[in-house]
Amino acid sequence: MNGKFTCNSSAVTDEKLSRSAKWLYVVISYLYSQYGFKTGYFYRTNEQLEKDSGIENRTLKKCKKELIDAGYIKVWHHNTNENTKNIRVCFYSILK
């Protein structure tokens with residue numbers, strides 16, 4: 001990650017979140033600052049977010065659930081056909 005961005009420190013210090021969920025929040029905050037600041041959201045596939053965060057897919061899903069349940073992020077999905085390949089894209093918005 002290069003450049004400056006803002007990250008809510010309450011997520012990083014939240015004792016209810018796992019270390020991986022905290023890291024994922026930092027990564028999502030960075031991506032939001034790069035791609036979502038104008039629209040209020042950004043999108044990534046799970047594979048892209050896995051690569052961005054360095055968190056493997058199964059753990060990534062658990063971390064996203066932690067952040068959603070704690071009210072830090074909102075996630076919604078969209079399926080798209082790209083070159084006749086069905087791709088599921090996740091949209092992310094930071095709530096706090």
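Please read these numbers as outputs of a predicted model, since none were measured by experiment. Start at 1 with the first residue, then count along the sequence.
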Exercise for review: Not counting sequence neighbours, which residues clear side-chain hydrogen bond (donor to acceptor under 3.5 Å, both in side chains) with Thr39? List them please.
Suggested key: none

**Study point:** Side-chain donor/acceptor of Ser93 to backbone N/O of Gly40, under 3.5 Å
**Key:** yes

Practice item. Would you please name every residue forming a side-chain hydrogen bond (donor to acceptor under 3.5 Å, both in side chains) with Ser18, sequence neighbours left out? Key: Glu66

Check your understanding: Do Trp23 and Ile55 have side-chain heavy atoms sitting under 4.5 Å apart?
Key -> yes

Practice item. For residues Tyr92 and Leu49, determine if any side-chain heavy atom of one lies less than 4.5 Å from a side-chain heavy atom of the other. Key: yes

Revision key, fill the gap. Value for OG (Ser29) from CD1 (Ile94), rounded to nearest 0.5 Å, stands at 3.5 Å

**Study point:** Carboxylate-amine/guanidinium contact Asp52 Arg44, below 4.0 Å
**Key:** yes

Check your understanding: Which pair of non-hydrogen atoms, one from Lys61 and one from Asn46, has the smallest distance, and what is that distance?
Key -> CE-ND2, 4.1 Å

Check your understanding: What distance do Asn57 atom CG and Glu50 atom CD have between them, rounded to the nearest 0.5 Å?
Key -> 5.0 Å

Check your understanding: Which distance, rounded to the nearest 0.5 Å, do you find between the NZ of Lys51 and the OG1 of Thr45?
Key -> 10.5 Å

Check your understanding: With respect to Phe91, which candidate in Tyr35, Phe42, Tyr43, Tyr32 satisfies the ring-ring contact (aromatic ring centres under 6.0 Å, His included) definition?
Key -> Tyr43

Exercise for review: With the side chain counted from C-beta on, respond yes when Cys63 and Tyr25 share a heavy-atom pair under 4.5 Å apart, and no when they do not.
Suggested key: no

Review point. Side chains of Val75 and Leu67: does their closest heavy-atom pair fall under 4.5 Å?
Key: no

Exercise for review: Tell me, yes or no, whether the heavy-atom count around Lys16 atom NZ, taken from other residues, nucleotides or ligands under 6.0 Å, exceeds 12.
Suggested key: no

Review point. Hey, what do you get for OH (Tyr41) to CH2 (Trp76), rounding to the nearest 0.5 Å?
Key: 7.0 Å

Check your understanding: Which residue, Lys64, His78, Gln48, forms the side chain to side chain contact (heavy atoms under 4.5 Å, CB included) with Cys90?
Key -> Lys64

Point to revise | Minimal non-hydrogen separation, Leu95 against Gly71, with atom names | key: CB-O, 3.4 Å

